[in-house]
Amino acid sequence: MNTRDSHTLEAQIFSAEVLTRFDHELAKYPADQKQSAVIACLSIVQQTQGFISPESEKGIAQYLGMPVMAVHEVSTFYNMFNLQPVGRFKINVCTNLPCQLRGGQQALQHLCDKLQVQPGATTADGMFTLQPSECMGACADAPVALVNDRSMCSFMSNDKLDHMIDGLRNAAKEVS
Amino acid sequence: MNIAQVLAQFQSTGKQSCFHDRHIEPQIYAGLNGNNWHLKDYEARGGYQALRHILGMNGAPGMSQDQVIATMKDSGLRGRGGAGFPTGLKWSFMPRQFPGQKYLVCNSDEGEPGTCKDRDILEFNPHIVIEGMAIAAYAMGISVGYNYIHGEIFQTYERFEAALEEARAAGYLGDLIMGSQFNFQLHATHGFGAYICGEETALLESLEGKKGQPRFKPPFPASYGVYGKPTTINNTETFAAVPWIIRNGGPAYLACGKPNNGGTKIFSVSGDVELPGNYEVPMGTSFAKLLELAGGVRGGRSLKAVIPGGSSAPVLPAAIMMDITMDYDAIAKAGSMLGSGAVIVIDDTRCMVKSLQRLSAFYMHESCGQCTPCREGTGWLWRIVDRLETGHGKAADLDLLDSVAENIMGRTICALGDAAAMPVRGMMKHFRAEFEHHITHKTCMVSATT
């Protein structure tokens with residue numbers, strides 16, 4: 001890639017690694033249609049920073065040459081974007097009808113009880129955010145949970161949910 | 001264990017949903033085991049032979065664009081995303097002599113509740129979609145394509161990107177494919193949690209980096225699609241059917257199914273069955289057979305109802321379902337639709353009011369807000385069904401539900417409004433007694449837990 005001007009807003013906000021990933025997405029689209037990469041760029045920022053801040057929206061707008069408001073329109077339209085900080089692990093449990101018929105709602109309730117949080121809330125230690133969600137396209141694997149947008153977990157019985165929560169807690173401790 | 005290792009334990013393996021011996025004459029899922037998704041495995045299964053054939057690489061003269069489209073028309077293949085539009089006919093709408101850029105788009109934004117077939121295709125047999133798209137691009141004279149993948153299945157998106165790299169390295173994508181004059185660049189792109197983007201014009205908006213709000217049609221994508229250019233959009237499973245059709249001919253594909261309903265179809269069977277999963281069977285297989293493949297109704301209970309084509313399709317009672325075949329025409333005749341092939345099975349312990357309450361909440365949540373009848377109407381539908389379910393319904397509510405549904409149908413830019421109204425009408429038509437019971441007795445007619 002070309003050498004980048006280190007004085008631009010995006011170079012000050014995003015790491016070189018993140019910008020390289022942006023470039024990979026941008027290369028898929030015609031040169032005059034950079035905006036097409038906005039969802040991908042926002043999702044990369046969310047993966048690395050946990051949520052979409054107004055500053056990130058500005059940086060992406062500058063990188064893609066589009067109005068900040070157009071970036072904000074996208075980040076507020078798509079359900080998976082976090083516009084506020086979330087816990088270390090965001091867990092989405094599908095409760096739509098096919099999953100509901102196979103314990104989706106019950107899986108959500110089990111996590112509420114285990115983590116002592118209401119749906120939509122984050123645990124006091126900032127470790128887990130729990131959210132009910134709509135169809136994730138894995139209906140035959142119900143109950144399903146999506147962790148941090150990118151890891152789909154299938155057939156999540158209460159035992160498996162316990163195992164996952166405990167495992168994530170321990171793994172997070174080892175890292176920090 | 002690190003975080004990735006913890007999560008990897010729970011990742012779907014496809015064993016239950018895809019790699020079982022309960023398909024019937026499968027074409028797309030044939031011979032898959034989860035490890036053999038790579039290019040060399042796909043080639044060993046006969047992969048990319050169809051592309052080589054049309055490009056004249058196998059010593060044969062190759063096929064012209066018209067011949068490919070004629071073969072698709074002969075096959076009787078109908079769009080697998082939900083609408084069932086004849087694929088060959090759709091391809092013939094593309095202006096082949098158009099001087100500017102044209103685009104090919106694959107709709108892998110699989111979010112219709114009950115549907116999980118495209119995920120398994122992309123995850124375990126990604127090259128079949130790449131080959132199908134390359135053949136389509138050749139037939140319509142298109143040089144750039146995108147596969148728009150549901151945001152929630154990120155691992156599948158990464159798998160597809162890896163497959164694209166393999167195809168590029170082997171010369172099946174890129175410039176002068178296999179030494180021919182045919183160029184085709186294909187890219188993966190993804191959504192981020194918006195059901196509406198499965199609607200083709202909303203998907204185009206999303207691909208352009210905008211809110212996924214559907215466009216008014218006409219103009220249709222064939223004349224005004226991505227970036228305002230002629231565009232053809234097909235579902236993942238539709239593209240995946242193409243290589244087999246080219247290899248075996250249109251009539252052979254049609255013969256797999258029923259007249260006007262060619263080929264095999266993948267049904268995602270979910271809900272109250274013993275073995276939920278994807279089942280690839282010839283179009284026109286009886287529902288009774290499909291239910292048997294899925295292990296029957298769970299726990300030895302009785303079948304109450306089936307939503308035969310994804311949550312937007314009107315529900316049908318057991319008596320009708322046990323008597324019909326799974327194809328576009330038979331299900332339409334019974335008053336519902338084959339849709340995306342998502343078969344949601346409901347047993348006799350379930351409360352239909354509660355089932356509808358959940359679906360109505362979904363449509364209210366996913367309405368994009370563009371058209372008033374849908375934006376406001378989906379909220380009305382949910383509020384009425386919710387109060388019926390929670391024992392606060394009034395006698396006039398059933399007529400009100402009918403009226404709201406009636407006033408949404410046909411009055412919106414896209415089909416989401418109809419999709420919200422149709423389940424209401426189907427439930428009211430076949431299970432009205434349960435709704436009345438909720439009004440009179442403030443409780444469920446069945447001793448349901450769900």
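Keep in mind that this is a model prediction, so the values were computed, not measured. What you see below is based on every heavy atom in this structure, not just the backbone, and it leaves out hydrogens, waters and symmetry mates. Numbered from 1 within each chain, the chains take letters A, B, ... in sequence-line order.
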Within the structure provided, determine whether [X] and [Y] are in side-chain contact (heavy-atom separation under 4.5 Å).
X        : Y        : value
A/Cys139 : B/Pro113 : no
B/Gln16  : B/Pro276 : no
B/Ile3   : A/Arg88  : yes

Response to the item:
Among B/Gln185, B/Gln213, B/Arg119, the residue with the most heavy-atom pairs under 4.5 Å to chain A is B/Arg119
Name the option with the most non-hydrogen atom pairs under 4.5 Å to chain B; the candidates are [options].
options                               : result
A/Thr95, A/Val147, A/Asp149, A/Leu146 : A/Thr95
A/Gln106, A/Lys34, A/Met66, A/Glu73   : A/Glu73
A/Cys94, A/Pro30, A/Ala40, A/Ala145   : A/Pro30
A/Met136, A/Gln105, A/Glu134          : A/Glu134

Response to the item:
Heavy-atom closest pair (B/Pro314 atom, B/Pro308 atom, distance to 0.1 Å) is O-CD, 3.5 Å
Measure [X] against the heavy atoms of chain B and call it side chain, backbone, both or neither at under 4.5 Å.
X        : result
A/Ala142 : neither
A/Glu25  : side chain
A/Ser133 : backbone
A/Leu168 : both
A/Asp141 : side chain

Discussion item. Just to be sure I understand the criterion: a residue of residues 43-64 of chain A counts if one of its heavy atoms is under 4.5 Å from a heavy atom of chain B. Which ones qualify?
Written reply: A/Ser43, A/Gln46
Worksheet entry | Residue-level contacts of residues 151-165 of chain A with chain B, using a heavy-atom cutoff under 4.5 Å | A/Ser151, A/Met152, A/Cys153, A/Ser154, A/Phe155, A/Met156, A/Lys160, A/His163, A/Met164
[X], part contacting chain A, at a heavy-atom distance under 4.5 Å:
X        : result
B/Cys368 : both
B/Gln5   : neither
B/Ser206 : both

Practice prompt. Measure up the B/Tyr195 and B/Tyr363 rings against each other and bin them: parallel (under 30°), tilted (30 to 60°), perpendicular (over 60°).
Written response: perpendicular
Worksheet item: Parallel, tilted or perpendicular for B/His190 and B/Phe192, by the 30°/60° rule?
Response: tilted
Discussion item. Taking the basic N atoms (NZ, or NE/NH1/NH2) and the acidic carboxylate oxygens, is any pair closer than 4.0 Å for B/Asp348 and B/Arg301?
Written reply: no
Fill in: B/Tyr157 ring center near B/Phe160 ring center (under 6.0 Å)
no
